[in-house]
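Bear in mind the structure is a predicted one, so any value in this text is a computation, not a measurement.
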Amino acid sequence: MRSVRIDLDQKLLAAAAAIMGTDATEATINEALRRIVVHERQLHHLERIASAVLCPLPALDTAAAVEA
């Protein structure tokens, strides 16, 4: 892997480590990145499934509703 030097918010890093149960900075960052990728892939697939299954509702004609 390539080494990169970045400044991290230490409080945010500690909170993420506590949530994920990691004990090293590298493990915390790698797990956070992995979770983001998994989350975004799941979201993309759910959006694709929803668009195939759900039909868009017809637009409501508010003018006709007011006249009635």
Undergrad: Report the hydrophobic cluster partners of Leu33, with the cluster defined as I, L, V, M, F, W, Y residues connected by side-chain heavy atoms closer than 4.5 angstrom, directly or transitively.
TA: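 So far as hydrophobic clustering goes, Leu33 is joined with Val4, Ile6, Leu8, Leu13, Ile29.
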Undergrad: Rounded to the nearest 0.5 Å, how far does CD of Glu31 lie from CD1 of Ile36?
TA: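 Atom-to-atom, Ile36:CD1 and Glu31:CD are 10.5 Å apart.
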Undergrad: Please find the pair of heavy atoms, one from Ala17 and one from Thr28, that lie closest to each other, and give the distance.
TA: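 Shortest heavy-atom separation between Ala17 and Thr28 comes out as CB-OG1, 3.5 Å.
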Undergrad: Please give the remaining members of the hydrophobic cluster of Met1, linking ILVMFWY side chains under 4.5 Å, ordered by chain and number.
TA: none
Undergrad: Quick one: side-chain contact (heavy atoms from CB on, under 4.5 Å) partners of Gln42, sequence neighbours excluded?
TA: Val38
Undergrad: Looking at residues at least two apart in the chain, or sitting in another chain, which of them share a side-chain hydrogen bond (donor to acceptor under 3.5 Å, both in side chains) with His45?
TA: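 By the side-chain hydrogen bond (donor to acceptor under 3.5 Å, both in side chains) rule, His45 matches Arg48.
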Undergrad: Which residues pass the side-chain contact (heavy atoms from CB on, under 4.5 Å) test with Glu47, not counting sequence neighbours?
TA: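 For Glu47 the side-chain contact (heavy atoms from CB on, under 4.5 Å) partners, ignoring immediate neighbours, are Leu43.
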Undergrad: For Asp9, which residues count as a side-chain contact (heavy atoms from CB on, under 4.5 Å) partner, sequence neighbours excluded?
TA: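 For Asp9 the side-chain contact (heavy atoms from CB on, under 4.5 Å) partners, ignoring immediate neighbours, are Lys11, Leu12.
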